[in-house]
Amino acid sequence: MIIEKLEQALLSTISKLTSENKSKQNITFSRFSDVSSNISFLLAPVLKNSPANIADKIIKDFHSDDITNIKSLNGGFLNFTFTENALKNELMEILSNSNYGKKTANGKRVNIEFISANPTGPLVLVNARAGFTGMLLSNIMQFAGYETDKEYYVNDSGNQIGMFGMSILYHISNNCPDEFPENGYRGLYIKDIAETIKSESGTLDWNNENIKKCSDRGIEYILKWQKKSLNEFGIEFDNWTYESNIRKSGFIDRTIDLFKEKGLLEEKDNAVFFRSSGIYDDKDRVIIKSDGTYSYLLPDTAYHFNKIERGYDIIIDILGPDHHGYINRLRSAVHTINEKIEIRVLIAQLITLLKNGEKFEMSKRQGDFITFDELKENIDIDVLKFIFLMRKMSQPINFDIEEAKKQTMDNPVYYVQYAHARICSVFDKAGVKKCPNSIDEKIFTIPEARELILKMMEYPYIIYSIAQTFEIQKVGVYLTELAGLLHKFYHNHRIISDNVDDMNNKITLLWGVRKIISNGLKMMNIKPKTRMENNEV
RNA sequence: GCGCCCAUAGCUCAGUUGGAUAGAGCAACGGAUUUCUAAUCCGUAGGCCACAGGUUCGAAUCCUGUUGGGCGUACCA
């Protein structure tokens, strides 16, 4: 890639001026030329010289076959202009390399866990955001050279599960308590599950065995439902890990032993505390409660122990917005197990669904939450994906469902899809089945063509930067920009013409654009459209 | 009280390892079309980047303080 080559050339020029290693990515796409660098400003303090002077020295010494012009502007910004031949070569690489920009494997393994909703109810709105985000992030990390596993953790043990079992059994037991369990599950689906069990096993007595029976059968029912929802939303996992298996596997004892060994356990008020306060946390945390049961942290730590033992270098957890206070104690725990492991806990922020500016209440059938099933009925999933993924995950979203429907035409996802479909449509019209792969470099004297190839070149760097910063919204923003340039080119330059050479040049260029748009959409798990259908809205 | 996140155009939001004139879409106004699908393009208007200091050659971006909002602060999960 010519950006890489330029970086190399620049570094080698600089190395003659100073031994100081400036290994930062200093090349940026610029509105003053093709690309620019602020390196002279960064070197100024080191070389004790003005940026303008340093820029002049660099220019004097700099050589690259790809660069036709280099100049210093505004006190020392270096501005490079590529030769048309270099741009042509880049386009050919985009066309010939089926994985343009994809990095070779770096040997690092990433575990990315997301959603992990309790198996006590259907998936809801915020799970969709975490799900889309997890899928995208996983694709991005793969592109950037990591080996990734997407993981779903099933919390099928603990208090909530007992409560879940009781809530079900309550409906099909003769001798249950007078009162429905406090904090029990009240969704209508609970009754459905109860009816199913009743049809299988008849009425059941109220005892622990039957509570367990109900929770087991209930979990099975819910997981099936959740998996169906995930499938409909295009969210896939490589691993499903069950808390019950973690509990059986001995990792809990090993966690306790390890913490004890490190002197990080303390008994107080009949409970056992993990001394997390000195690590990342601001206070110590209970791991075994005074009644002898575990708090959530202990099995979850054991689970992370298990992940670490499976050999991951980086562990990413995408959690819901109510887990804010949990991050530091988890980091403390992971750090205690193995301080070399990089753990990144991300929070997918709250989504408020609105309808005409008012908080949207869906049917009360499942309680107060908006389920995947209800979402699917109300909105196109690809639209939802794009809108969710265009926001940075730290930003809460107010999402007006009516507006998304009503403004379908102006929805950013359609803007991008239309660019893709437009290219397909032109190719169709021109009867092109294969890329002509012939391009005269003179096409890059057309400003819009130049903008397009430069934007295409940026694609891999957008993805690499997301792999570092997790700012997933950049993909959608980038695609919108690329689509905008395509629309502009299309509008100003007729593609189909009697001049076969000219036509082939443009088709070759657009072939590249289509490929990048398609790659970007696929990264987001959105299917590129080959034609736009009229939506009845 | 303490901790974390946030505050950018009328609205929804982009814009951070500090960079050159702060952007897009919607909404408003004006133009382009009997098209390679106008689901598009071009233009006008709209900003004290919450406020006040500081660091720097340079700040929406970093630091401190203030104001306003969200979340967390369980022997819940």
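Worth knowing before you read on, the calculation uses all heavy atoms, side chains too, and leaves out hydrogens, waters and symmetry mates. The model shown is predicted, which means the values in this text are computed figures rather than measured ones. Note on naming: letters A, B, ... go to the chains in the order of the sequence lines (proteins, then strands), and numbering restarts at 1 for each one.
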Exercise. Contact class for A:Asp269 vs. all strands (heavy atom < 4.0 Å): base, sugar-phosphate, or nothing?
Worked result: base
Would you please indicate yes or no on a ring centroid separation below 6.0 angstrom for A:Tyr415 and A:Tyr418?
no
(request) May I ask you to evaluate whether A:Lys429 reaches the phosphate of B:U37, defined as a side-chain N or O under 4.0 Å from OP1 or OP2? (result) yes
Practice item. Have a look at A:Ser295 and say if it touches a base, only the backbone sugar-phosphate, or nothing, with a 4.0 Å heavy-atom cut-off. Key: sugar-phosphate
message: Can you tell me if A:Lys71 touches the phosphate of B:A20, counting only side-chain N or O atoms and a distance under 4.0 Å to OP1 or OP2?
response: no
Separation of B:C36 atom P from A:Met503 atom CE, nearest Å, is 13 Å
When rounded to whole Å, the CG to P distance for the pair A:Asp498 and B:C36 reads 13 Å
Ranking B:A77, B:U37, B:U40 by distance to the side chain of A:Ala421, first place goes to B:U37
Discussion item. Counting only side-chain nitrogens and oxygens, does A:Tyr415 get under 4.0 Å of the OP1 or OP2 atom of B:C41?
Written reply: yes
| said: Any base atoms under 4.0 Å from A:Tyr418, or only sugar-phosphate, or nothing? Heavy atoms, all strands. | reply: sugar-phosphate
Whole-Å distance, A:His324 NE2 to B:U73 P, equals 11 Å
Here the distance between atom P of B:A77 and atom OH of A:Tyr153, to the nearest Å, is 12 Å
Rounded to whole Å, the CG-C1' distance (A:Leu330 to B:A77) equals 14 Å
pair_partner(B:G72), Watson-Crick or wobble, both distances < 3.5 Å, evaluates to B:C2
- [ ] Kindly indicate whether the side chain of A:Asn183 and the base of B:A77 share any N or O donor-acceptor pair separated by less than 3.5 Å?
- [x] no
Scanning all shown strands, the Watson-Crick or wobble mate of B:G23 with both distances under 3.5 Å is B:C13
- Ring center gap for A:Phe251 and A:Tyr303 short of 6.0 angstrom: no
Open item on the list: Determine whether the aromatic ring centres of residues A:Tyr296 and A:Tyr326 are separated by less than 6.0 angstrom.
Closed with: yes
- Query: Does the side chain of A:Lys283 get closer than 4.0 angstrom to OP1 or OP2 of B:G3 through an N or O atom?
  - Reply: no
Looking only at atom C1', what distance separates B:C4 and B:G10, rounded to whole Å? 31 Å
Self-check item: P spacing across the pair B:U61 / B:U16, given as an integer number of angstrom
Solution: 12 Å
Which of B:U37, B:C75, B:G19 is nearest the side chain of A:Phe41? It is B:G19
task: Using the P atom as the reference point in each nucleotide, state the distance between B:G19 and B:C11 in Å, no decimals.
output: 26 Å
TODO: Report which part of the nucleic acid A:Ser30 touches: base, sugar-phosphate, or nothing (heavy-atom distance under 4.0 Å, all strands).
DONE: base
B:C36 versus B:G46 - spacing of their P atoms, nearest Å
38 Å
Out of B:U37, B:A20, B:C76, minimum distance to the side chain of A:Gln160 belongs to B:C76
Looking only at B:U21, B:C75, B:C41, the nucleotide nearest the A:Lys488 side chain is B:C41
Checking N1-N3 plus N6-O4 or O6-N4 for Watson-Crick, or N1-O2 and O6-N3 for wobble, each under 3.5 Å, the partner of B:C48 is none
Next item on the list: Flag the pair A:Trp511 / A:Phe427 as yes when their ring centroid distance falls below 6.0 Å, and as no otherwise.
Entry: yes
Regarding the side chain of A:Asn38, the nearest nucleotide among B:C75, B:G19, B:G15 is B:G19
Taking B:A14, B:C75, B:A20 as options, the one with an atom nearest any side-chain atom of A:Lys392 is B:A14
- If you look at every strand shown and take non-hydrogen atoms under 4.0 Å, does A:Phe427 touch a base, only sugar-phosphate, or nothing? nothing
Scan A:Arg391 against the nucleic acid and name what it touches under 4.0 Å (heavy atoms): base, sugar-phosphate only, or nothing.
sugar-phosphate
Mind checking if A:Asn79 touches a base, just sugar-phosphate, or nothing, with heavy atoms under 4.0 Å?
base
Q) What do you reckon, are the aromatic ring centroids of A:Phe77 and A:Phe41 less than 6.0 Å apart? A) yes
Between A:Asn270 and A:Ser290, do the side chains contain an N or O donor and an N or O acceptor separated by less than 3.5 Å?
no
Check every strand shown and say whether A:Ser497 touches a base, only sugar-phosphate, or nothing at a heavy-atom separation below 4.0 Å.
nothing
- Do A:Phe80 and A:Phe62 have ring centroids that are under 6.0 Å from one another? yes
Answer yes or no as to whether B:G19 has its base stacked against A:Phe77, where stacking requires a ring-centre separation under 5.5 angstrom and planes under 30 degrees apart. no
Of the listed B:A20, B:U37, B:C75, the closest approach to the A:Arg531 side chain comes from B:U37
Between CG of A:Leu42 and P of B:C57 the distance, given in whole Å, is 13 Å
Between B:U12 and B:A27, how far apart are the C1' atoms? Round to whole Å, please. 11 Å
With the side chain defined as heavy atoms from C-beta on, A:Gln473 is closest, among B:G15, B:A77, B:U37, to B:G15
B:U37 -> Watson-Crick or G-U wobble partner, both distances under 3.5 Å, gives none
Query raised in the report: For B:A77, does either OP1 or OP2 sit under 4.0 Å from a side-chain N or O belonging to A:Asn159?
Result: yes
Among B:U16, B:A77, B:U37, the one nearest any side-chain atom of A:His323 is B:A77
C1' spacing across the pair B:U56 / B:C63, given as an integer number of angstrom: 12 Å
Yes or no on salt bridge (charged side-chain N to carboxylate O under 4.0 Å, His left out) for A:Lys307 and A:Asp317, after CA distance, side-chain angles and deciding distance?
CA-CA 12 Å; A:Lys307 283 195 220 178; A:Asp317 292 355; 3.2 Å; yes
